[in-house]
Structures are given as C-alpha cells and as structure tokens.
Amino acid sequence: MRESCGLAARVRDQVAAAIRPGVTTLELSELAGALMRAEGGESAFLGYHGYPGIICTSVNDAVVHGIPNDRQIVLGDIVSIDIGVRHRGYIGDTATTVMVGVTDPEVVRMVTTTQRALEAGIAAARAGNRVSDISHAIEQVALEAKFGVVRDFVGHGVGQKMHEEPQVPNFGPPGRGPVLKAGMTLALEPMLNMGRAEVRVLDDGWTVVTRDGKPAAHFEHTIAVRDDEAEILTQ
Ligand code: MF3
Ligand code: CO
Ligand code: CO
C-alpha cells in the first residue's frame with residue numbers, strides 16, 4: 001500500500017503542477033497515464049464499472065467523476081483531479097483541487113475548508129475510535145464554515161480493491177460503525193459544495209455536478225490507521 005499510494009501521490013502532484021490555462025483535462029489524463037506506466041503502475045479507474053478515463057477531472061460545478069475531455073482550462077477554474085493507481089496488486093487513491101488564478105474569496109475559502117475537513121477526518125482516524133468519528137469530524141468543519149456536504153458519495157476502505165468496506169460518510173453522528181483497528185487502510189474524501197449539498201449525474205453517466213451549479217471541491221488521502229496518529233500513505 002505504501003508503494004501504490006506513494007506512486008499515486010507523485011502522479012497527483014505532477015499532474016497538479018501541470019494545470020494551467022490552455023491545458024486540456026485530456027492532456028492531464030495522458031500525462032497521468034504516462035507517469036503511472038513509467039513506475040510500473042496502471043490506472044485503477046480505467047474500465048472500473050465501465051469508466052472511460054485514466055483519471056477523473058472535475059472542473060468548477062463538477063464534484064467528482066468528471067471524464068477528461070478537450071476543454072481547455074481557463075483562469076478562474078477550479079480543477080479537481082482524482083488519481084487511482086494499481087501497483088503490484090494494491091491500490092492508492094488520492095485527490096486534490098487546484099485553483100487556477102481564482103480571485104473569488106468564497107471559492108478559496110471553500111477549497112481550503114475542504115482540505116481542512118480532510119485533515120480533521122484524518123486526525124479522528126485512530127485505533128479505538130469508530131468509523132463515524134471520522135465522518136463527524138469532517139462534517140463539523142464543513143458545517144461551521146457553512147458549506148454543503150455531499151451525501152451521495154462517501155469515503156471507503158481501499159486495498160486490493162478500490163472500494164472495500166467500510167463506507168466512510170462525510171457526515172453523521174459520532175460513535176457509530178465499526179471500531180477502527182491499526183493496519184486498516186481507508187480512503188477519506190470530503191466533497192464540499194459552495195452552495196447546497198444536492199448533486200446530479202450528467203447524461204454521460206459519470207460526471208457528478210452540483211444541482212445549483214455552484215462550484216465544489218474534493219480532497220482525498222489514503223491512510224493507514226495506527227494506534228496513535230494515522231499514517232498518510234498518499235502524502
Ligand atoms: N477514485 C474515486 C473514489 O475516490 C472513484 C472513481 S470511480 C471511477 O472513490 F469509476 F470513476 F473510476
Ligand atoms: Co479517488
Ligand atoms: Co476514493
């Protein structure tokens with residue numbers, strides 16, 4: 001898991017660094033594929049339930065599962081990239097949201113709050129706590145900042161398969177669900193909307209967008225639960 005997650009993190013950071021006005025999300029996805037292959041990995045997404053892309057690229061009101069295409073990035077966009085790599089039988093799953101010359105302070109606040117929500121979730125992910133302690137910690141950060149928390153998609157266990165038990169919602173009361181044990185590997189992934197929490201899926205069958213058309217952000221790390229602080233495998 002350390003190897004696959006390390007590779008996923010390197011791909012994420014190099015793709016993020018390539019995001020600039022004029023680049024297309026398809027070019028970003030080709031770059032991601034080349035970087036994965038160069039280190040002996042492959043996309044964990046391509047073909048997953050028929051998904052047609054190498055990575056997910058979700059721009060502005062797209063929350064998750066955007067399919068790379070030939071649209072060029074422009075100043076003011078926010079671009080979420082979600083990278084899933086399979087390497088020697090194990091999967092790393094990580095996402096980040098990149099702001100491209102964003103000036104709207106509310107958008108900046110939403111993106112930074114989503115990252116903080118992920119950090120709060122990671123801090124709650126220690127052996128002896130329960131799964132929903134993570135959920136609650138994430139939700140608290142989002143609600144205090146008055147952003148919508150997407151409920152239709154959740155974090156998850158990850159390992160030899162991309163989506164394993166348990167589900168890790170980004171909302172809910174604390175103290176519920178399975179007890180966390182050292183060695184469990186989880187993908188935590190808050191999705192926050194600047195407006196309302198409701199989302200819908202576009203006719204392409206994949207792209208999840210906000211119903212109110214306002215922008216959304218998505219951050220994700222794969223972590224390993226420990227007796228004390230969790231290890232962030234996709235750091
Ligand atoms: N990586 C996404 C997640 O974080 C799932 C992508 S599913 C795909 O759970 F089909 F789009 F690849
Ligand atoms: Co992901
Ligand atoms: Co995930």
Side-chain angles (χ1 to χ4, degrees), residues 1 4-16 25-26 28-30 32-33 35-36 41-59 62-69 78-87 90-98 114-115 117-119 121-122 125 131 134-135 138 149-171 184-193 199-209 216-225 230 232-235:
M1 285 298 284
S4 62
C5 289
L7 175 51
R10 287 190 290 280
V11 173
R12 177 199 64 218
D13 290 345
Q14 290 189 65
V15 172
T25 51
L26 200 55
L28 296 173
S29 124
E30 293 298 327
L35 293 167
M36 290 176 196
E42 61 177 11
S43 168
F45 295 176
L46 185 62
Y48 184 79
H49 293 283
Y51 181 73
I54 294 169
I55 62 173
C56 299
T57 53
S58 308
V59 180
V63 186
V64 288
H65 301 169
I67 302 168
N69 60 26
I78 62 172
V79 185
S80 299
I81 52 171
D82 192 343
I83 312 283
V85 179
R86 184 181 292 100
H87 178 265
Y90 287 89
I91 287 172
D93 189 8
T94 182
T96 192
T97 298
V98 176
T114 310
Q115 187 159 24
L118 173 57
E119 285 160 10
I122 294 170
V131 164
I134 300 172
S135 311
I138 291 172
V149 180
V150 173
R151 302 174 85 90
D152 298 15
F153 299 88
V154 296
H156 50 92
V158 56
Q160 288 171 292
K161 295 197 190 119
M162 181 155 64
H163 293 143
E164 300 183 349
E165 289 189 2
Q167 293 198 350
V168 187
N170 297 305
F171 57 89
M184 288 179 168
T185 50
L186 303 172
L188 308 187
E189 50 179 315
M191 289 146 265
L192 265 52
N193 296 349
V199 297
R200 66 189 175 90
V201 179
L202 293 186
D203 287 341
D204 64 17
W206 284 101
T207 312
V208 177
V209 298
H218 177 215
F219 282 80
E220 176 175 33
H221 272 309
T222 299
I223 65 164
V225 174
I232 303 175
L233 300 173
T234 49
Q235 190 68 273

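Start at 1 and go down the list; that is how both ligands and their atoms are numbered. Values below: every heavy atom of this structure, side chains too, minus hydrogens, waters and symmetry copies.
Under the 4.0 angstrom criterion for non-hydrogen atoms, F153 is not in contact with ligand 1.
Interface of E220 with ligand 1, defined as ligand atoms under 4.0 Å from a residue heavy atom, comprises 4 (O). Listed by atom number, the atoms of ligand 1 under 4.0 Å from W206 heavy atoms are 10 (F), 11 (F). Heavy-atom contacts of D93 reach the following atoms of ligand 1: 1 (N), 3 (C), 4 (O), 9 (O) (cutoff under 4.0 Å). Ligand 1 places these atoms under 4.0 Å from at least one heavy atom of C56: 11 (F).
Note: no N/O pair closer than 3.5 Å links Y51 and ligand 1 by distance alone. Considering backbone and side-chain atoms alike, Y48 places every N or O at 3.5 Å or more from each N or O of ligand 1.
Counting only heavy atoms from C-beta outward, the side chains of Y51 and I67 approach each other to under 4.5 Å.
Nearest protein heavy-atom contact of atom 2 (C) of ligand 1 is D82 OD2, 3.3 Å. The nearest heavy-atom contact from the protein to atom 1 (N) of ligand 1 is F45 CZ, 2.8 Å. The protein heavy-atom contact nearest to atom 9 (O) of ligand 1 is H163 NE2, 2.7 Å.
Counting backbone and side-chain atoms alike, H156 contributes an N/O/S atom closer than 2.8 Å to the Co ion (ligand 3).
The structure places CZ of R12 at 13.0 Å from CG of L35, a figure rounded to the nearest 0.5 Å. Note that CG of L233 is 6.5 Å distant from OG1 of T222, once rounded to the nearest 0.5 Å.
For the Co ion (ligand 2), the nearby protein N/O/S atoms, meaning those under 2.8 Å, are D82 OD1, D82 OD2, D93 OD1, E220 OE1.
Taking only non-hydrogen atoms, the option from E189, H65, M191 nearest to atom 4 (O) of ligand 1 is E189.
Listed for the S43 side chain is a donor-acceptor partner under 3.5 Å among the backbone atoms of I54.
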